[in-house]
Amino acid sequence: MRPLVIVGKGAAYAGAEVIVRDFVRTFNLPVLPTPMGKGVVDDNDFHCVSSARTTALQHADTILLLGARLNWILHFGRPPRFDPNVRIIQVDICAEELHNSVPAKVAIHADIGTFTRQLIQQLIGHAWALRYMSPWWGQLNSKSDKNKAVIMKMTQDTRIPLNYYTVFHHIQEAIPKDCIIVSEGANTMDIGRSMLRNRLPKHRLDAGTFGTMGVGPGFAVAAALWCQDYAPDKRVICVEGDSAFGFSGMEIETMFRYNLPIIIIIVNNNGIYSGFDEETFQSIREGGEVTKVTPPTSLSTNVHYERMMEMFNIKGHFCVDIPQLQRALQQSLQVKDVPSIINVMINPSADRKPQNYAWLTESKL
């Protein structure tokens, strides 16, 4: 048996984190969160198998979906990312979500907390749990250890220009463990999802179901306004790709207007997914009419987004190495009444670690 629990944002919205954690721990089940399902089960919990995501999805024979949708984020539940014979048990409060993309073996229209509580009672009666020494746990742990070793090597590479993984590693080391993380971008959002940890539910906001870019600063404003009333000591960290920030970066004025201490971190690679260094960029543009020869995924090089802070007579942070990033984070965390911008330059050709599969983005509905 190779069970897997996939926890979506529906479980977070249901406030079901306590009972879902009890369920996972009682029966020793591997759990995989969707991006905004992170924190329902602590990312640091050993039951969380995000570091073996591909293996978990591809080889699980029984999947329990708790408030998660089989959309592009979960590759529509289809081969080769999923076992073609996988049995799916889908639990959702929205009846219209049941059986989307692939038919569920069992579809249950229910509140996730109520369902999980009753499931625990039933399974306890059968005296069942997945052994930690089972072959399935062995397979997941082996893959997780290999992936962690690859990532650790990249986090320790602090050569200039920086790579994504070392930047995210040092951000994670500095930010409060209970902060609300807003993240959007291409690689910035994809890599940040695995590198920036959530211990609590409803503490991650990103481009969401429809992959909408430009929502980050607005989400950060909403989160910070909530914090003002309900959690004044909680920080909001808005991690943006340079392209994503370009959609709605002027929300910085809103943040100043309402005295919101949001920390905006721009991971700047001069483009979407990848860009060019200054010399290469200029060489390309000299090859003809700039509107025809400039790749649409490339952006102007070495843009000083942090200088937007000077509109408000405050200095932003421009970082090209890890000590500069660490100082910028430390200083920004001391600011309590205005936003901060940290603009981190990375290698324009920096990429994710090698992937077995590309994202599926074509709708199968």
Side-chain angles (χ1 to χ4, degrees), residues 2-12 20 24 28-84 86-90 101-102 130 134-155 164-165 168-169 172 181 183 185-199 201 204 206-209 211 351-361:
R2 302 185 301 277
L4 176 67
V5 180
I6 299 181
V7 176
K9 59 178 176 285
V20 170
V24 166
N28 199 35
L29 295 169
V31 62
L32 183 68
T34 63
M36 288 203 290
K38 283 162 62 70
V40 172
V41 175
D42 187 338
D43 280 343
N44 296 306
D45 192 304
F46 78 90
H47 293 94
C48 183
V49 294
S50 294
S51 53
R53 184 179 190 275
T54 296
T55 297
L57 293 178
Q58 194 172 35
H59 297 286
D61 61 10
T62 304
I63 292 177
L64 174 62
L65 287 177
L66 296 177
R69 299 167 175 171
L70 291 176
N71 56 19
W72 67 277
I73 294 171
L74 288 172
H75 319 290
F76 302 100
R78 294 173 178 261
R81 299 305 301 266
F82 284 68
D83 186 321
V86 64
R87 296 180 294 268
I88 293 175
I89 304 168
Q90 184 177 11
S101 190
V102 296
L130 181 65
S134 67
W136 179 225
W137 265 117
Q139 184 178 1
L140 292 171
N141 287 333
S142 175
K143 185 61 176 179
S144 178
D145 290 344
K146 289 178 181 177
N147 284 340
K148 287 178 179 178
V150 171
I151 290 172
M152 180 59 70
K153 185 176 181 180
M154 299 172 79
T155 65
Y164 282 104
Y165 291 88
F168 281 121
H169 171 73
Q172 176 62 37
I181 297 171
S183 180
N187 282 334
T188 297
M189 186 172 69
D190 292 343
I191 299 171
R193 182 171 55 247
S194 61
M195 295 296 294
L196 300 177
R197 303 276 175 158
N198 288 97
R199 299 180 64 184
R204 177 184 169 86
D206 65 18
T209 302
D351 203 354
R352 301 172 67 186
K353 73 177 183 64
Q355 304 291 304
N356 292 330
Y357 298 97
W359 280 103
L360 289 173
T361 56

May I ask you to decide if [Y]'s main-chain N or O and [X]'s side chain share a donor-acceptor pair within less than 3.5 Å?
X	Y	answer
Asp61	Arg2	yes
Lys38	Arg193	yes
Arg78	Ser101	yes
Thr155	Met152	yes
Trp136	Leu130	no

Atom of [X], atom of [Y] and distance for their closest heavy-atom approach:
X	Y	value
Ile181	Arg197	CD1-O, 3.8 Å
Ala68	Leu74	CB-CD1, 4.2 Å
Leu140	Pro30	CD1-CB, 3.7 Å
Pro3	Leu29	CG-CD2, 3.9 Å
Ala12	Met36	CB-O, 4.3 Å

According to the interplanar angle, ranging from 0 to 90°, do the rings of Phe46 and Trp137 count as parallel (below 30°), tilted (30 to 60°) or perpendicular (above 60°)? tilted
When rounded to the nearest 0.5 angstrom, what distance separates [atom1] in [X] from [atom2] in [Y]?
X	Y	atom1	atom2	value
Arg81	Leu70	CZ	CG	13.0 Å
Gln58	His75	CD	NE2	10.0 Å
Leu4	Phe82	CG	CZ	8.0 Å
Asp206	Thr34	CG	OG1	8.5 Å
Leu32	Thr55	CG	OG1	11.0 Å
Phe168	Ile191	CZ	CD1	6.5 Å

Are a donor atom and an acceptor atom from the side chains of Asp83 and His59 found within less than 3.5 Å of each other? no
Run the salt bridge (charged side-chain N to carboxylate O under 4.0 Å, His left out) test against Arg69 and tell me which residues pass, sequence neighbours left out. Glu97
Show your reasoning for whether side-chain contact (heavy atoms from CB on, under 4.5 Å) applies to Val49 and Lys143. CA-CA 10 Å; Val49 294; Lys143 185 61 176 179; over 6 Å; no
